[in-house]
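Here is how names work: the chains are called A, B, and so on, in the same order as the sequence lines, proteins then strands, and each is numbered from 1.
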Amino acid sequence: MKTNVAELQVCSPRSIDEALQQRRDIPGLTPIAGGTEVLVWLNDAKFAGKTYQSLHGLAKDWRYVRANKDGTLGIGALATYSDVRFHPVVKERYPLLVESARVTGALQIQNRGTPVGNIANGSPAADTVPSLLVYDAKLKLKSLRGERLVDLKDFFTGYRRNVMTSDELITEIVLPPPLFMPAQQHYRKVGTREAQAISKVVFAGARSAAGVRLAWGSLAPTTIRALKTEAALQNGADANAAWEILQREIAPIDDIRSTAEYRRKVARNILFEFLNKLANTL
Amino acid sequence: MKQTISFTLNGNSVTVESHPMQPLLYALREDADAPGTKYGCGEGECGACTVILNDELVMSCLVPVVQAEGARVETIEGLANADELHAVQQAFLESGGAQCGICTPGMIMAGVHHLRHPERAPGGVPEALEGNLCRCTGYTRIFTAMKRAKEILSAGGTGS
Ligand SMILES: Cc1cc2nc3c(=O)[nH]c(=O)nc-3n(C[C@H](O)[C@H](O)[C@H](O)COP(=O)(O)OP(=O)(O)OC[C@H]3O[C@@H](n4cnc5c(N)ncnc54)[C@H](O)[C@@H]3O)c2cc1C
Ligand code: FES
Ligand code: FES
């Protein structure tokens, strides 16, 4: 571990109120849920933060996956990928979420990592975010000032930037009742190998008479919904026309994992694969 | 500043003086005198540091020890029963599932967890062990060992 852990401070709140007070009163507190991002930064000494807030004492409040009577689903801030992946209601109604949890890291990562940490971390390659975008997820943000609900699609403002203020925490992901049948949904992660690989391109999509959703990771500074391509498909555009538009909505780059050119090629292939698969179910 | 952190390690209560953000891996090896758990990469990629925490398989290099307060931790040291090896250990021995041995404690903990909770890896042994890398065996002997462990268990061998 390159970071000198002796220099780090950590608060471990026992209640939600205590956690929110700390966020108001102590500047620069980095929250830790499962720690599968934070501990990697510490290992590489990539992050200068000295004060942390470990949320593990709030598991009784925030580690849940809850199917509500109104048909919505709540995923608490400390629910893990495994909690999501093996939840019967998630399996039945939100298959893209099961698939994205399944391809995240390996079991050890799925047992600790959280979808909320995946969102807050803000990586454009986050594997769960595209699935959540397809399901029109909203985030509950809470501070001592109150609670607000933000559309996930409006949460990110740039590369690893988001609308959260320093006194807030994400407390829950809220999913409305699903608009799509399982057969109308498609998930694809392209990485170097099956387990433990960061995506070169990741896609979640769905299509029915009710609408079209195309959500992508690793093709822009944030995970994105391709809103213009969605609208074109809704208005009857064919695959080639959709690709023309999608090309202008994405901005892939060369980095250590892949090249812009390869990513474009993969994006096109995935789009066609998705449209072909769904052609048979519409 | 160091903090006093207590948890149970293989059924015994232990109290360590550790920096709270220190990974559990180091707290086990250096502060709790349990060096059986190995260090490979320090960042979740290799699985050498795999332990069971509150009945869940985790990479101990990614768990700040403060999060282990009050938890039940199980490591390779806790598997054998007096002179009798755990079924998974015995099977690795018989099948040549270990060569250099660096991946072995983590691999065995993942194997033990899989036999307890097969439902957590619907894809079977390859999925259960997908977080554990081995540079030596080519995995075949490890998969053979997992088959053998099931046989030992069903013949009444030690393992829980
Ligand atoms: C070996 C390995 C493999 C991985 N594989 C994948 C993969 O395949 N796909 C993928 O997408 N990711 C992968 N990851 C990354 C990581 O596991 C995920 O991003 C995970 O979802 C992070 O969740 P966490 O709870 O562990 O986050 P933490 O490390 O605890 O936190 C991550 C970030 O979120 C913030 N945060 C956490 N909770 C809150 C909250 N309630 N409110 C506000 N901010 C919060 C933290 O401050 C931090 O900035 C991998 C990581 C490792 C080590
Ligand atoms: S040392 Fe923990 S996964 Fe490699
Ligand atoms: S036996 Fe050497 S790494 Fe597995």
> Could you state the interatomic distance from CG (L62(B)) to CD (Q108(A)), rounded to the nearest 0.5 Å?
9.5 Å
> Below 4.5 Å, heavy atoms only, C-beta onward: do P64(B) and L39(A) meet side chain to side chain?
yes
> Evaluate whether atom CD of Q3(B) has more than 12 neighbouring non-hydrogen atoms of other residues, nucleotides or ligands under 6.0 angstrom away.
yes
> Should H56(A) and V66(B) count as side-chain neighbours, where that means a heavy-atom distance under 4.5 Å?
yes
> Contact between Q67(B) and R112(A) at the side-chain level, heavy atoms closer than 4.5 Å - yes or no?
yes
> Shortest non-hydrogen contact from A106(A) to G131(B)?
CB-CA, 3.3 Å
> Going from CD on E56(B) to CG on N111(A), what distance comes out if it is rounded to the nearest 0.5 angstrom?
4.5 Å
> Roughly how far, to the nearest 0.5 Å, is the CG atom of L8(A) from the CE atom of M1(B)?
13.0 Å
> Quick one: which of D44(A), I109(A), L55(A) has the most heavy-atom pairs under 4.5 Å with chain B, could you say?
D44(A)
> Side chain from CB out, backbone as N, CA, C, O: work out which of these in L129(B) comes under 4.5 Å of a heavy atom of chain A, or both, or neither.
neither
> So that I can tick it off, tell me whether E43(B) and K46(A) are bridged by a salt bridge, with the cut-off set at under 4.0 angstrom between side-chain N and carboxylate O.
no
> Name the region of E127(B), side chain, backbone, both or neither, that has any atom closer than 4.5 Å to a heavy atom of chain A.
both
> Which atoms of L42(A) come close to chain B, meaning under 4.5 Å heavy atom to heavy atom: side chain ones, backbone ones, both, or neither?
side chain
> List the steps, then state whether side-chain contact (heavy atoms from CB on, under 4.5 Å) holds for L107(A) with H114(B).
CA-CA 10 Å; L107(A) 299 197; H114(B) 178 55; over 6 Å; no
> For atom CZ of R141(B), is the number of surrounding heavy atoms from other residues, nucleotides or ligands below 6.0 Å larger than 12?
no
> Identify which part of T36(A) has an atom lying under 4.5 Å from any heavy atom of chain B, answering side chain, backbone, both or neither.
both
> Taking atom NZ as the centre, does K38(B) end up with more than 12 heavy-atom neighbours from other residues, nucleotides or ligands that are less than 6.0 angstrom away?
yes
> Counting neighbours of CZ on R160(A) that are heavy atoms of other residues, nucleotides or ligands and sit closer than 6.0 Å, is the number greater than 12?
yes
> Taking atom CG of N54(B) as the centre, does the number of heavy atoms from other residues, nucleotides or ligands within less than 6.0 Å exceed 12?
yes
> Rounded to the nearest 0.5 Å, how far apart are CE of M21(B) and CE of M1(A)?
8.0 Å
> List the atom of P122(B), the atom of R85(A), and the distance in Å for their closest heavy-atom pair.
CD-NH2, 3.3 Å
> Ion pair present between R14(A) and E69(B), side-chain N to carboxylate O less than 4.0 angstrom?
no
